[in-house]
Structure formats: structure tokens, C-alpha cells
Amino acid sequence: MTLGKGSHVYLIDGSGYIFRAYHALPPLTRKSDGLPVGAVAGFCAMLHKMLMGFGNSGPTHLAVVFDHSSKSFRNDLYEGYKAQRPPPPEDLRPQFPLIREATRAFGVPAVEMKGFEADDLIATYARQAVEAGAEVTIVSSDKDLMQLVGPGVTMLDPMKNLTIGPDEVRAKFGVAPDRVIDVQSLAGDSVDNVPGAPGIGVKTAAQLIEEYGDLDTLLARAEEIKQPKRRETLIEKADQIRLSRDLVTLKQDVPVEHGLDEFPVEKPEAEKLLGFLAEMEFRTLSNRIADALGAEPPVIEAKRAPEAPASKAAPAGAEGPGAVRAMPKLDPDAYTIIRKAADLAALLDEARESGHLCIDLETTSLDEMVAEIAGIALSPAPGRAAYVPVGHVTGEGDLLGAAERAPDQMALDDALAALREILVDEAILKIGQNLKYDLKVLRRHGIDVRPFDDTMLMSYALDSGLGGHGMDELSERHLGHRPVPIKELIGSGKSAITFDRVPIDKAATYAAEDADVTIRLWHKLRPRLAAERVSTVYHTLERPLVPVLADMELAGILVDRDLLSRLSNGFAQKMAGLEDEIQKLAGRRFNVGSPKQLGEILFEEMGLEGGVKGKAGAWGTGADVLETLAAQGHDLPARVLDWRALSKLKSTYTDALPNHINPETGRVHTSFSLAATSTGRLASTDPNLQNIPVRTEEGRQIRTAFVAAEGNVILSLDYSQIELRIFAHMAGIDALKKAFRDGLDIHAMTASEVFGVPIEGMDPMVRRQAKAINFGVIYGISAFGLANNLRIPQAEAKAFIDAYFERFPGIRAYMDTTKQTARDQGYVTTLFGRKIHTPGIKLKGPHRGFAERAAINAPIQGTAADVIRRAMIRIPEALTDHKLSGRMLLQVHDELLFEVPGDEADKTAKVVKAVMEGAAAPAVEISVPLVVDAGKGQSWAEAH
DNA sequence: GTTATCACG
DNA sequence: GACGTACGTGATAACA
């Protein structure tokens, strides 16, 4: 059929279809082999619906147009074009060729061309069709195609089934279709990274174009514009705007290989199409389409899925071929209790044979520093597990002590002696869940366990952000099995007993099950590491940190008990005075520590304005509320704030810390959790030594109680502005990067740029505001949040942010693409490849805002966490190499604390500083220097 | 056990 | 245009 008057050409934007299909459907996979096919299915359904939906006015010619690749001639014009765009999701990539195949199976030409985008081909064909006198319908909702709308050309939004004509284009861009290019050139596009004119959006652009007629006139007469800012932008950025025009203008003269004549509409060949659908194993769709074609639906066999691909990827040599086949069912009766050396030896032989052994210690305390071993659970293979009781007592009727050793157990020393050979054998992999705990306990018995794998850390590397990584949770998630809760054995709360008092048979079932579950988890998770590209993360950022942290925790930090006690007394006295004052002001006695009672006093009895009830119906009495009241001149809330500050210091620090001093070492041993945060940061518990006060003078006194032992000093080294530096690098903000390279005061420089004031003699308030914006930006800034932080009107905060984005182009694009990546992939990554999953990003409503800000923050916070992890892993060796005897004690996110002999302090600082500043290399080259500040003193307060 | 509050980066 | 927010943690006391 020749093209001419009366012809109607349909040009389908294939790429738009693909992404819509991908997002519209859940991630379906082909049953027989797990090939992702969700987008293929969606694409076929959409194409079928379109082809069936034509009435009498259907097309005479039809083609689906695709992007050839992500690169086009526009990349030669402008390096940054679409540079911020994340790669397509991993499960979508293999579907691209299948979708072209699907198109052809429908009897529809699939058109693409190297060096050009689908939009350019569509533009070219549309022009050819119009010139031949034909009608054109472009099936797409992409705004970039709207410039083509005009006489003979309309668009059709396939999802909403809406026709887009000149009126709809005007509604979108504020101008007629033939001026859309002008508007786009000015407004730019953050998604495609078209720069445009900074500070000018679609609204302003349309207004300007309406006023001046077209872009060239506007640029020529730019000096007539009244608004000074706008005028300057248009004059200064004229070249950038012209470049943007080249980028957004679709090419209408692509030298296409096939003419429209070659694309007549044809009925699909039933055999070919149904064959393809059968190959994809689309049962419902095959039936529906066969019905429409009047053909027999194809037979799709219900093929059984073969063995999970995971087993193929299982480490060769780690176990016999097929060892992972089907795991035996969990069966408590299959577990054994080992009471004799010979039985233990037999089990250990199995481990020698297989090359790995799962181990799990049962002890009398969660505190590794005091825990005694009650028994040892071992599992060489799924379904095979044993418990070796070594320290159980008979606790019956004799809870006050004088417990007798339970009969028929191996001696702890004998069991450890037999185990030691395996535990230190380089050829046998030890497997455990949260092995840092077991490693520490065994270290106290003189055993250095290696090598090892930790299922908790594997889960963390794979699934951070998707849930917890404790054993019970992992068992439910991956094995569909709920292990016996420890509570059922030892009880909870005050009446809880220690594990050594649990009857051996019950203990054995519980403990052996844990070992069995752990080794099953290992078999599940280990092959996923490589398949999901987190092996490096696990092997370089997670696992090697375990012994480093174990050493730090075992070292502990010296705390001056008497000093804390004196501070506590001082706080108590001041609090008593404040309490009297507060009661007098209130007119009656009440519990100042009760937010409920305080709320009633303030907002009911005293009748103060500005009270807000929370969801629970209680008056809010947070610091922000009290501060507002205090600023209005009310004394009572001001005193309560003072009281609360002291109460916090006393209860959480000066009173609680002494209880954590280990009686044997006289030091405080925190525990660092490796898998507690979603971002890769550590967390410190029992006690938390990452939140010791520093911001107020009274709080800092508590740091004077963290001291160095005789003859030593405390050394503190911290990264300066690490998150902002990483942000400048990741978002590619040249002005920020340069400021860091030049060693400028980054907040002052920001203030100077955003508010246009000189750095010399800057008002500290102005700098403070810029600092808040800089912090805000790494938290996923919002006008509301900034307004709250700075206590300024939201409109003002918004103006700050707008000015900031305008001054630092690239920030908004970075934020948008990060969000897009999170939506496409379901996770974001750090520079070192750590994945942080963002399941909340798909939610609707306010929840999504949360998830988006978290997604923006995660790569930044996570990369900083990776950097310091790398440093920590290298430091012990660096110290040894330089014959330094100092010890690393604490990590506080961007700070490391050491205790070193006084005469080694300066050299240690130099060595550690070098390691920290170079920690990103060689894996990643950060285009901004990392700077570390060092300090030393008798206490943490002096060193910091 | 949950909630409100507040300590840190 | 409205929604309702700054990111990540842990410990304590009050309260149900």
C-alpha cells in the first residue's frame, strides 16, 4: 500500500511502552527457567489492545520505534546529556530484545537506528507522512514529542486513552506546539540533564516566549527584560540555552533505511505470534489472543522448574556435587547430644571431609566479656546437628546457687581442645550467625577462629533495608521456619534463668536447631552474593571488620568512676533546685519527668497557648514546644528544659555508665552491631558510646571521664565534613568540589554563593543558615524541614532552597535520579557497591516522601560508612607495620578513638591519618580530598 | 511492650 | 494542589 492522502500512520513510542509495561506489572518470571518476562507480557497486552481497539479509522501504516542504545548524537553535542540517568533495572535489560521479537511476532515492524533516539525517528517519519498528505498519530505520552503536534499530527496517550492535540500541548507548555522547543530550551529538563536557563521553569519560559514571540527574538532583546536576575541569566547563559535547543529539537531528517511504504498494517500470523507467546509461557494472554485471531490456543506445558540456579553457583569443592539438592526437612528428632570425646571426633571428621562446619555457642550471658560456655552446637550439613553440653548445672529448687554440675557432660577443656584444631584450620570454613559474639568468647579461651563466614553479614550485604538480620527473622524469611524462641527455655524479664540451668535435652533441641538453621541459611545466601553482585561488599567491608571490632570491644575504654559520681551529685543538686522552682511556678507538686503531667500543667492549668495534641491525645511537650514557650517569656518551660538536660545527663550517662564497668578489666566494653542500620553505619549498644554528650559544656564534662590508662593518651581522629565532600563528588557539583580542593570554609562559601554576600566579615547568622542548607541537602532537603530547623517561614526556606539549587546546578538532577534509581531497582548503592533497599519508595502518599529522603541520604551516609570501615580494617596492620602498640577503641561514625603510649601519640596520629585519608583508594577515586583532623589528651574531652 | 524524649553523627 | 516531612541510630522513664 502506498502512502498518500487518506493514509493514517501510527508511530508507537516503543521505549515509553516498555517502561510503562515494566512498571505496570509485578516482576513476573518464566516458570521453566526464571527468565524475567513481566515487561514482555505487559508490552504484548498493550500492543494487542491497541491493535484490537481500532474501529474503522484504524491505521494504514504502523511501526513501533525503539531507542537503539543509550548513546545518540546528542552525547556528542553535550557530554552531560542523559548522563544522570540510571541504567535500566537489571531484570528489565534481558527483556529488551524479547520485546523487539514480540513486536515482530505481532507482524509489526520494529524500527531503530544507531546514533538516534526513537523520538528522532518518529519526528522524521511524521514529517515524511505529512508531506505525503497522510495523517499521523504518535502513540506516546512523552512531553518531548509534543513539539511534533500540529496540522496532520496528533498524539495518543495509550494509558489514559487521551488524544493530545494543540490544546493539550498548550495546557502543558503554555504555548502553541510550534513554540514548545523554545520553552523546553529555557526550562531545561532535570531528568534528561538538559541545562536550560537556571531558575527558569516552564511557567516563566512560556510567559517570556508569549511576550517576545520566539526564542531568538527573546535572546536578542534580553536586555529589555525588567527583572534583573532573569535578564542576567538570559544574557549570560545564552550559549547554554542555544545548546539546550539543539538537545531538545528532534531531528526530522534522519537518513532512515526503510520508508513508510514498507510499514503497511498486516494481520498477524497466528502461528508465529502464538508460538512466541507459548515460548514466553503466557497462558492467559495466549488464550485471549488466540480467541481474537480465531485460532486454537497453544498448549503450554506446566514444566517443573529445574533445580534452583543457586545450587549451580554453589562453591565448587566446598561440598560434594549435588549436596545442596533438596535440603532435608527440619527435624528435631534428628539432632544428637554428644557426651563423649569419640562422638565429637566423629562429627569433626565430617567437617574435615566437607570443609566447613557451623558453630553456635550457648552461654550464660549476652555479654561476651563475662559469658561462660554452657554448650556448643555444631552442624556439618543441613539436617545434621549436634549439641555438646559442657557447662550445664542442675538448677532445681536451688536457685540461689550451690548448683551442681549436671552429669554426663564433656569437660569444657576437652571439648575445646578437640574443636580447636578445626577452628584454627585454614582449610575449614567456620560458619555462624553473628560470629563476632562467638569469636570473642572463644578468644577469651585462647582460640583465634578463622576463616569464617557469617550469615548475618551475608544477609546484610544482600538485603539491607528489607528487614532485620537476626536468625529468627532470617529463618522465617528464607526457610519458612520459626525456630523455638529462646524465651521458651529461659523465660524473660526478672525471672529469666541462665542457659546453663536449662535441662540438657531441651537445650540440645534448641541449640542444634539453631546450628541447623544457620547452615541452611548459609547454603541459601552464599550463592546469592556473587549472583547479586555484593561479594565485594561482603568480602571487603563486612567480614574483615569482625575481628577488628572484636579487638576494640575486648579492649574497652577506661572510665573514671569517681568523676562520674561527682558529676552525678552535682547534677542532682541542680535538679533539686530546679524542681523546687518549677513546682512553685506550677503552684503544686508534680512529677517533672512526666510529659503527661507537664502537658496538663502547661496547657490546662496554666492555660498557655500553642499546645498541640499528638495522635495519642497527649499534649506535646518536646524541646521545640518548650523552647517556643520559653522564648515567649514563660519561665516554667525554660526551667523544665534545664531540668531535662540535667536529667538526661544524669540518668543516661553519669548514673548508667558505672554499671557498665567490667569488674575484671575495670573498663567499659561496648558492643558494635554490624548489621543494625540500613546504611552501613555501625551501632553501639550496652552501652551506646556513640552518643556521649559533646554539644553543651555540661555534657562535655562527661567526656572528661573517658580517660587514658597510666602512661597513655587518648587520640581522636575525625573526618572533616565527610558526608558533604562525598555528596559534592557523587552529585558532581563543581563549585563545591573546588571549594573543598581549595580548603575553603564550605558553609561560608555556600552562604556567599547563595546569598551573594562576601566571605570577609560575614554575619555568623548567614553562615549558620547556609550550614543548615548544606546539612539539609544530604538529608533530602524540604522547605518544611529547613524552615523548622532555622525557625523561619516556610516560604523563606523555599526561597533559600531555590537559590541553592540554582547556584549549584546538578543537585536537583542528582536527587531526581537517585529517586528514580530507587524506584527502578528497588535499591540505591554507595560508591563501593553497598546496596540499600528502599521498599517504601513504591508507597503512595506521605510515606513515599520519607522513603525518598531516605533514598537520597542513604548513598551519602552509606559511602561515608564504607570509607571509615575500610580505614578501620587497614589500621591494625598499619600500626603493626610501624611497630606501634596503640589500640583502636571506639568508632563514632566519622571519628576513631585510640589509646596509645604517650611517646607514640604523634607517630600514631600520622600513620592513622594517612590510612583514613586514603581509605577510599584504590577502589574508588574521590574527586574531593578527604581531610582528617587529629587531637590528643588525657581524656576524650581533651582529644576531641 | 509502647511512647515520648533526647543524646550522638 | 494537598499531603506532612528534615537522614541514621540507642537508652531512659513514664505509662498502659
Side-chain angles (χ1 to χ4, degrees), chain A residues 464-465 492-493 590-599 614-626 640-641 643-657 659-660 670-673 676-696 698-700 702-703 718-724 727 772-790 794 797 801 828 836 838 843-862 864-865 868 890-895 940 944:
Chain A
S464 182
S492 66
F590 72 103
N591 183 351
V592 182
S594 162
K596 185 165 171 276
Q597 294 178 31
L598 177 65
K615 345 177 214 240
W619 294 104
T621 65
D624 49 343
V625 175
L626 299 189
V640 172
L641 281 168
W643 183 90
R644 278 197 184 158
L646 293 168
S647 166
K648 183 78 176 181
L649 296 178
K650 182 169 183 292
S651 69
T652 309
Y653 302 104
T654 58
D655 288 352
L657 273 174
N659 300 326
H660 287 282
T670 184
S671 178
F672 289 103
S673 315
T677 71
S678 57
T679 55
R681 272 195 179 178
L682 303 178
S684 159
T685 63
D686 309 302
N688 181 353
L689 296 185
Q690 290 182 321
N691 71 344
I692 303 302
V694 69
R695 290 175 191 169
T696 66
E698 274 167 328
R700 264 196 297 281
I702 291 167
R703 292 201 172 205
D718 67 291
Y719 283 106
S720 160
Q721 305 284 2
I722 186 165
E723 291 193 355
L724 203 51
F727 172 73
I773 304 176
N774 278 334
F775 272 108
V777 79
I778 53 185
Y779 294 152
I781 200 160
S782 71
F784 182 94
L786 184 65
N788 238 357
N789 188 292
L790 288 176
Q794 206 168 317
I801 295 171
V828 292
I836 297 121
T838 56
L843 296 171
K844 293 270 181 241
H847 293 104
R848 183 160 65 194
F850 268 115
E852 286 181 344
R853 289 191 298 274
I856 289 168
N857 175 257
I860 305 165
Q861 189 183 115
I868 197 166
L890 298 178
Q891 187 249 45
V892 194
H893 310 309
D894 64 359
E895 174 187 12
W940 194 357
H944 186 75

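Sequence lines set the chain letters: A, B, ... in the order given, protein chains first and strands last, and positions in each chain run from 1. If you're wondering where the values come from, they're calculated on a predicted model, not measured in any experiment.
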*Given side chains that start at C-beta, do those of A:I860 and A:Y779 come closer than 4.5 Å, heavy atoms only?*
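Sidechains of A:Y779 and A:I860: no contact.
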May I ask you to say what [X] touches in the nucleic acid, namely base, sugar-phosphate or nothing, with a heavy-atom cut-off under 4.0 Å?
| X | value |
| --- | --- |
| A:L786 | base |
| A:N789 | base |
| A:A623 | sugar-phosphate |
| A:F784 | base |
| A:G780 | nothing |

Rounded off to whole Å, could you give me the [atom1]-to-[atom2] distance for the [X] and [N] pair?
| X | N | atom1 | atom2 | value |
| --- | --- | --- | --- | --- |
| A:L646 | B:dA7 | CG | P | 10 Å |
| A:D655 | B:dA7 | CG | P | 15 Å |
| A:K844 | C:dC3 | NZ | C1' | 13 Å |
| A:N788 | C:dC7 | CG | P | 12 Å |
| A:L890 | B:dG9 | CG | C1' | 14 Å |
| A:R695 | B:dG9 | CZ | C1' | 7 Å |
| A:L626 | B:dC6 | CG | C1' | 12 Å |
| A:Y779 | B:dG9 | OH | P | 10 Å |

Of all residues at least two apart in sequence or in a different chain, which pass the side chain to side chain contact (heavy atoms under 4.5 Å, CB included) check with [X]?
| X | answer |
| --- | --- |
| A:S651 | none |
| A:A645 | none |
| A:S647 | A:M575, A:W643 |

*Per-nucleotide pairing state of DNA chain C [Watson-Crick or G-U, under 3.5 Å; [ ] pseudoknot-crossing; | other strand]*: ......|||||||||.
_Residue list, ring pair (Phe, Tyr, Trp, His ring centres under 6.0 Å) with A:Y719, at least two apart or on another chain_ =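 Counting only residues at least two positions away or on another chain, A:Y719 forms no ring pair (Phe, Tyr, Trp, His ring centres under 6.0 Å).
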*Please figure out whether A:Q861 or A:Q794 has its closest DNA chain C nucleotide nearer the 5' end.*
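Counting from the 5' end, the first nearest nucleotide belongs to A:Q794.
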With rounding to whole Å, what would you report as the distance between [N] and [M] at their [atom1] atoms?
| N | M | atom1 | result |
| --- | --- | --- | --- |
| B:dC6 | C:dC3 | C1' | 28 Å |
| B:dA7 | C:dA2 | P | 36 Å |
| B:dT5 | C:dA6 | P | 14 Å |

Residue [X], side-chain heavy atoms: nucleotide from [options] that is nearest:
| X | options | value |
| --- | --- | --- |
| A:A772 | B:dG9, B:dA7, C:dA6 | C:dA6 |
| A:R853 | B:dT5, C:dA6, C:dG8 | C:dA6 |
| A:A645 | B:dA7, C:dA6, B:dG9 | B:dA7 |

_Letter per nucleotide, 5' to 3', of nucleotides 9-16 of chain C [B base touched, S only sugar-phosphate touched, - untouched; heavy atoms, 4.0 Å]_ = SBBSSSSS
Results of side-chain hydrogen bond (donor to acceptor under 3.5 Å, both in side chains) for [X] - residues two or more places apart only:
| X | answer |
| --- | --- |
| A:S782 | none |
| A:Q794 | none |
| A:K650 | A:D655 |

